[in-house]
Amino acid sequence: MRWTRYFLNTLREVPADADVISQKLMMRAGMIRKVAAGIYTYLPLGLRSIKKLEHIVREEMNRAGAVELSMPAIQPAELWMESGRWQKYGKELLRIKDRHERDFVFGPTHEEVITDTVRDAINSYRQLPVNLYQIQTKFRDEVRPRFGLMRGREFIMKDSYSFHTSRESLDETYEAMRQAYTAIFHRCGLDHVAVEADTGNIGGSASHEFMVLAQSGEDAVVSCPKCRYGANIEKATSKFFDDEPEPAPMQELAPIHTPGTQSIEDVGRFLGKPTSQLVKTLVFDTDEGPVMVLVRGDREGNEIKIKNHLGVTWMEMLADSRFEEATGGPVGYCGPVGTKCRRVLADVSLKGRANWIVGGNKRDTHISGANVARDFPEPEWGDFTTVFAGDPCPRCGTALEIYRGIEVGHIFKLGTKYSDSMHCTYLDEKGERQSMIMGCYGLGVGRTVASAIEQSHDADGIIWPMPIAPFEVVVTSVGKEESVVNMATELYEKLLAAGVDVLFDDRDERPGVKFKDADLVGFPLRIAVGAKSLANGQVEWSFRKDRAKQLGAPEEVLARVIDEVKKARV
RNA sequence: CGGGGUGUAGCGCAGUCUGGUAGCGCACCUGCUUUGGGAGCAGGGGGUCGGAGGUUCGAAUCCUCUCGCCCCGACCA
């Protein structure tokens with residue numbers, strides 16, 4: 001491709017609303033253009049990277065035994081009512097009506113449609129297992145889209161769904177998908193980890209997330225440097241509270257006057273005690289009423305763990321305006337003794353400890369010497385706090401580390417959640433009807449491309465890993481001399497003939513402009529043809545990653561460049 | 001959802017407080033010079049000032065409403 005006939009315009013200035021580096025660079029490099037909040041056009045250059053990644057994804061999915069199909073983006077509401085998610089999915093589900101006032105959704109995911117498809121086509125255990133995938137545009141109406149392609153509303157996703165007659169069969173496919181994902185991200189040159197994850201409102205049992213490690217990541221992952229335990233922070237556990245403390249004699253219940261101490265830090269300072277010796281009280285509003293959660297004062301409550309324990313679909317911090325009415329105490333002085341909350345949860349970090357200092361459910365008052373069972377009913381015990389860096393690994397006890405990551409893939413063992421509600425069944429060997437056991441596997445295509453940039457760039461622009469670079473090589477002509485233009489053209493054509501993805505920068509621009517653009521766009525390899533070196537029978541070539549310039553005879557450089565491209569394609 | 005901000009040429013911005021009929025840089029077009037890391041000079045094209053309504057002789061500017069976009073917060077008890 002010649003630049004002068006391509007559709008590629010770089011921006012010298014950064015659009016004001018870009019907030020992460022990948023978004024800035026993709027906009028500046030002419031890869032994407034924002035059309036509305038969280039909605040982008042993939043310009044030709046951006047589309048090339050997307051297509052390259054899609055190609056890798058298809059190869060690995062096919063290799064792992066998955067079969068491609070394509071389902072509609074627009075889906076009838078009936079399917080979502082059948083699965084129950086028409087009610088449960090919330091505002092992220094874009095609902096639309098057709099001219100007949102019939103309800104549809106723009107699919108954020110395709111469990112319903114695939115389940116409908118498979119129950120129709122498959123009746124016998126002989127036809128199972130199957131694993132079907134598609135690469136397609138989805139829409140999730142995010143509250144606050146940001147970070148360019150990393151958190152858009154419209155986005156391209158590879159999603160696949162497998163159907164099985166047994167847990168063992170699901171385990172096999174799950175493992176095959178785990179390996180396929182690892183292969184995909186490895187081929188893209190991405191530094192990534194697979195971690196245990198929460199299943200969220202997709203539902204199901206086991207689940208792993210694939211995280212590309214990057215400072216700008218929205219998720220935190222907990223990782224053990226020794227035994228390779230890895231988990232999303234929403235899910236991670238530690239061994240921290242395994243040992244029970246020494247039993248202590250119970251003290252009398254006694255009120256303490258603690259004016260103006262609403263936060264746990266204030267209370268600790270006021271009483272001269274470390275926050276670890278206090279009890280922090282959180283109150284959540286749920287669709288089943290207010291719930292009180294007690295955690296050790298120096299720990300943080302983990303909403304995901306709490307929500308999963310409660311089994312509620314909606315939960316948020318109790319609004320101040322409803323606080324007194326719901327708990328019977330003022331904000332900041334809430335506690336389990338005499339509370340109106342019917343459900344009280346307590347973190348295991350408090351188990352076995354006597355004489356708690358808690359809020360007194362009265363203004364400016366805390367209570368000391370509060371004891372489980374004697375002063376308030378036995379709470380529901382569980383792991384309700386978030387792991388901190390340095391906590392001991394739940395498997396081997398080594399100090400855990402916390403990293404930031406971008407979630408680029410997520411695989412689930414769904415079980416029979418959808419096959420039950422949507423009656424996706426088959427007849428087994430005995431002629432008995434059984435629900436199919438399902439798995440589902442998602443991979444964010446745009447997000448993966450963006451994460452590659454987050455992980456690999458410098459002050460001048462993108463540094464593409466070769467496999468998903470929009471072009472593998474750029475040939476830059478420096479100057480208008482006939483010899484230069486002829487040599488550049490010749491090299492370009494020979495690269496094309498050799499099957500190399502090459503862009504010929506044949507623009508009538510000053511060298512500085514061409515070089516800056518080449519760095520910005522991030523072509524992994526560059527060949528520059530200039531009059532001076534050409535007079536000595538030489539052209540220059542360099543890698544974007546180190547920009548070290550090497551000179552050589554044209555044929556020799558050509559051979560080296562082709563060789564480098566081929567090497568990177570394996 | 002709550003709070004804050006912002007909307008002026010393709011991109012980045014000034015002008016708004018104190019109303020007087022729109023400007024700068026980049027990009028774009030023409031010419032000359034220049035040519036290995038975002039050139040210089042000269043000339044030029046391009047804007048319903050987000051939208052609607054109002055005040056006024058006169059509105060980008062003041063008022064009301066509305067829409068878009070951005071940021072921050074939503075573990076604080």
Side-chain angles (χ1 to χ4, degrees), chain A residues 9-19 23-24 27-28 30 33-39 90-91 143-148 233-234 258 260-268 275 278-285 290 292-295 297-307 315-321 323-324 326-327 329-336 339 341 347 358-361 363-366 384-386 459-461 476-481 484 505 507-520 526 528-534 539-540 542 547 549 551:
Chain A
N9 301 290
T10 58
L11 258 44
R12 197 176 296 195
E13 279 169 292
V14 193
D17 52 11
D19 39 27
Q23 185 185 14
K24 287 178 188 170
M27 290 177 97
R28 284 192 57 209
R33 197 180 98 87
K34 190 162 89 171
V35 177
I39 298 176
K91 289 191 177 166
V143 191
R144 200 178 138 205
R146 53 191 143 167
F147 306 148
I233 194 132
E234 294 174 342
T258 52
T261 55
Q262 295 209 347
S263 77
I264 199 80
E265 285 74 24
D266 291 343
V267 178
T275 53
L278 305 173
V279 174
K280 184 149 78 177
T281 305
L282 315 171
V283 183
F284 295 93
D285 217 358
M292 176 174 288
V293 182
L294 308 169
V295 303
D298 60 337
R299 291 268 134 180
E300 281 180 8
N302 180 313
E303 283 199 33
I304 303 283
K305 291 180 181 178
I306 295 165
K307 197 174 161 197
M315 181 178 103
E316 60 186 41
M317 294 300 294
L318 183 66
D320 287 4
S321 56
F323 205 91
E324 295 231 25
T327 69
V331 176
Y333 297 94
C334 172
T339 184
C341 291
D347 187 71
V358 295
N361 292 321
R363 183 150 304 284
D364 299 338
T365 305
H366 279 74
F384 302 126
T385 56
T386 298
D460 291 310
T476 305
S477 60
V478 180
K480 283 187 281 197
E481 295 84 353
V484 167
D505 188 353
R507 293 176 299 169
D508 180 17
E509 285 286 357
R510 298 167 61 84
V513 173
K514 291 188 169 193
F515 292 146
K516 285 287 183 188
D517 273 343
D519 286 351
L520 174 60
R526 186 183 83 191
V529 182
K532 267 183 230 158
S533 44
L534 193 58
V539 297
E540 174 198 293
S542 58
R547 284 189 282 206
K549 294 168 185 169
L551 287 167

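On a predicted model such as this, the values are computed, not experimentally measured, just so you know. Just so it is clear: chains get the letters A, B, ... in the order the sequence lines come, proteins before strands, and each one is counted from 1.
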Report task. Go through the N and O atoms of the side chain of A:Asn9 and the base of B:G10, and report whether any donor-acceptor pair is under 3.5 Å. Result -> no
A:Ile304 meets the side chain to side chain contact (heavy atoms under 4.5 Å, CB included) criterion, sequence neighbours left out, with A:Asp198, A:Glu234, A:Asn302, A:Asn308
Going 5' to 3' through nucleotides 26-35 of chain B and flagging B where a protein heavy-atom sits under 4.0 Å of the base, S where only the sugar-phosphate is that close, and - otherwise, we get SS------BB
Taking B:C11 as the reference, what is the distance to B:G54 when you measure between their C1' atoms (whole Å, please)? 34 Å
The Watson-Crick or G-U wobble partner of B:C24, with both key distances under 3.5 Å, is B:G12
query: C1' atom, B:U8 versus B:U61: distance in rounded Å?
result: 11 Å
Requested in this report: Quote, to the nearest angstrom, the P distance that separates B:C63 from B:U56.
Outcome: 16 Å
Residues at least two apart in sequence or cross-chain that pass side chain to side chain contact (heavy atoms under 4.5 Å, CB included) with A:Leu11, listed by chain then number, are A:Pro15, A:Arg28
Using the P atom as the reference point in each nucleotide, state the distance between B:G3 and B:A74 in Å, no decimals.
-> 16 Å
Mate of B:C69 across any strand shown (Watson-Crick or G-U wobble, both atom pairs under 3.5 Å) is B:G5
Hits for ring-ring contact (aromatic ring centres under 6.0 Å, His included) against A:Phe284, two or more places apart or cross-chain, chain-then-number order -> none
Distance check, C1' atoms only: B:G15 and B:G20, in whole angstrom units. 14 Å
Note to self: Using the P atom as the point on both nucleotides, what is the distance between B:G31 and B:C70, in whole Å?
What the structure shows: 41 Å
Sorted by chain and number, sequence neighbours left out, salt bridge (Lys or Arg N to Asp or Glu O under 4.0 Å) with A:Lys480 holds for A:Asp508
Inset, instruction - Check the pair A:Glu540, A:Arg526 against salt bridge (charged side-chain N to carboxylate O under 4.0 Å, His left out), reporting the backbone distance first and the verdict last. - result: CA-CA 8 Å; A:Glu540 174 198 293; A:Arg526 186 183 83 191; 3.1 Å; yes
Sequence neighbours excluded, the answer for side chain to side chain contact (heavy atoms under 4.5 Å, CB included) partners of A:Leu534 is A:Ser483, A:Val484, A:Met487, A:Val529, A:Val539
